[in-house]
Structure formats: C-alpha cells, structure tokens
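First the proteins, then the strands, lettered A, B, ... as listed; each starts at 1.
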Amino acid sequence: MRPVVTVLASIGSLFVDDALFAALMLTWLALIYLLALTGVDSVWRGALLFAGLGLILVHGGSRKTRSR
Amino acid sequence: MFSGWMQLGPSALAGFLASSVECVEALTIILAVGSTRGWRDALCGTAAALALLAAIVGLFGKALEQIPLAMLQIYVGGLLVIFGMRWLKKSVLRFTGTIPLHDEDAAFVAEQRRIGSASVSPGWDVPALAATFQITMLEGAEVVFIVLGIGAGGAELTEAATVGALAALLVTTMIGAVVHRPLARVPENLMKFIVGILLTAFGTFWFGEGAGIAWPGGEASLVGLMLGYLIIAIVTIRLSREARRNAFEIATPEAGR
C-alpha cells in the first residue's frame, strides 16, 4: 500500500512544488477564462494568456534565484 | 484538423523527448535494483506497474471520450501549462546553476546503497519489487499524462504522441539492455528545457481553444507559441544569471572588483 501512496503523493508534486508559482498560473488561467464573459476580443485574450504566463515564468525563475 | 506530419511532428517529438527523460530516470533505478537484488524481482515490479498503467489508461481513455471537447481542453490544457511551466522553470534554474543538474550516476549509486541495505527475505524480494514498481508507476504516469495532454485536440495527436512515447521506451530499453549502466550522458536538462517549452505551448493552445480563443492561423500558431516561450525562457536564464552574479558580488565584494 505504501508504494501506491508514495506514487500518488509524487504525482501531486509533479504539478506543485512551488505554491506561489502554481497559484499565479491558476489565477491567470481563471482570469483569462472569465475574460470571455466580458466580451474581450479573442485575439487579445490569446495575447494576454501568453504574455501573463511568460511573465509568471520570468518572475518564478528570478525569484527562486534571488532566494537561494 | 491535424492532417500532415508538419502538424503531427511536434506532438511526436514532444512525446518522444518527454518520455525519453522519464524512461532514463526509471531505467537508472531499475538497473540499480536489478544489479543489486537480482533481475527477477526488479523486472516483475516493473511489469506489474506497466500492467496497472495500461489498465488505468484503458479505463480513463473510455471515460475521457464522454467529456465534451472544450471542457477537456480547458482541464488538460490548464494542467499541461502547470506541468510544462514547472519543467521549464526547473531546467532554467539548472542552467543558471541555482539548483544542481540531475546526476544519473549519483542516483544509481544512491539507489544501490539504499536497496542494498534493505533486508532480504526468502521468496519475493519485497523492497526490490516496491522500488521498481514505484519508479515505473511514477515515471509512467508522467508519460501517460503527457501523451493525453498533447493529444487533447484529437485522436491523431494522441496517436502521434503515443508513437513518440513508445519509440522512447524502445530506444531506452534497448540501450539500457546493451550498456547495463545509467544513461548519464543524455543531455537531460536540455531535453527537459525543450519539452518544457513544447508542453507549455501545447497547454496554452489547448486551454485557449477550450476557453473560446480563436488562435490566429489555427494550429500554426503553436509554432509561434513555442518560439515565444523559447525567447522568454532564454530571457529568464539571462535575468536569473545576472541576479545570481549580483547576489554573489554583494556577498563577496572583492569578487566584483
């Protein structure tokens, strides 16, 4: 049983090992999804989705470097 | 929608590279266990995990067919973004030296030491079975998720990613069987960097499609997303290296002179 529990815990950590990084991504994805309800143009939503995720990557990388 | 290999190629490549990384990591542990505790139990643990994974894929595959495509793309795309960005960030941090590179030789020796100290009982070697079952399940689950994630847009993409994954399994198994050593020379971090970019681009594309975004140029915009994330990742590496250098100069002022 223990190997199965360990595997399940490890699978969870495949997605989240930095809580802030994961939370920022989830929040951004939710915001982009909700923007569709406000009638924002599809091309702009695509650009915002990409740009926001890019910024989260830059922030996540440099934050981790500074904290080490 | 996805008709030619120009479109299916990135799916197969992502499936192959991502699965190669996972297979190499699993192979290291299986080799360490097999060479220390014997091959029968090491291979039985691996086979049991592969059988369980196949059963899970069979069950989930049927269930996934019932979910509306847009909803599937949102969930799978979102998870793929989180998964891919995590890989990409880790490989960026490894390139900048913030975290150490994954060392297959060290992992091999550590596992040999760990499994070698476990007690031996007559009959089935439970520690050996558990170790190979666990690593195969874990790395295999990652492969299954990657293949399903890449294939969120249709059966052709799933098939292309599956072909890539099976090719990686075949190549790694053959090389492992011949050399009987961990594949330490595989440029693992570079592969993770490329896969991170591919998965993040696929995830962004699928999530956008599910959320009603009409990407300019359709699936051709996947290439644009890949290039975009590549540029952002290179910028992140440069910024992180600079931040690291500045931190080092502040900590040791004479080093900056």
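- Using a 4.0 Å cut-off between a side-chain N of Lys or Arg and a carboxylate O of Asp or Glu, E111(B) and R114(B) qualify as a salt bridge.
- Considering only heavy-atom pairs separated by less than 4.5 Å from chain A, the leading option among A233(B), G208(B), G97(B), G228(B) is G228(B).
- Of the listed residues (G84(B), G210(B), G77(B), G212(B)), the one with the most heavy-atom contacts under 4.5 Å to chain A is G212(B).
- In terms of non-hydrogen atom pairs under 4.5 Å with chain B, the most contact-rich of I32(A), L57(A), V58(A) is L57(A).
- Taking the six-membered ring where tryptophan is involved, the planes of F83(B) and F145(B) are perpendicular, since the angle between them exceeds 60° and thus also 30°.
- Residue L93(B) touches chain A through its side chain alone, counting heavy-atom pairs closer than 4.5 Å.
- The ring of F50(A) has its center closer than 6.0 angstrom to the ring center of Y229(B).
- K192(B) has a carboxylate O that lies under 4.0 Å from a charged side-chain N of E25(B), or vice versa, which qualifies the two as a salt bridge.
- A salt bridge links D18(A) with R63(A): the closest approach of a Lys/Arg side-chain nitrogen to an acidic carboxylate oxygen falls below 4.0 angstrom.
- Contacts between L79(B) and chain A at a heavy-atom distance below 4.5 Å involve backbone atoms as well as side-chain atoms.
- Residue contact with chain A, scored on non-hydrogen atoms closer than 4.5 Å, is absent for V92(B).
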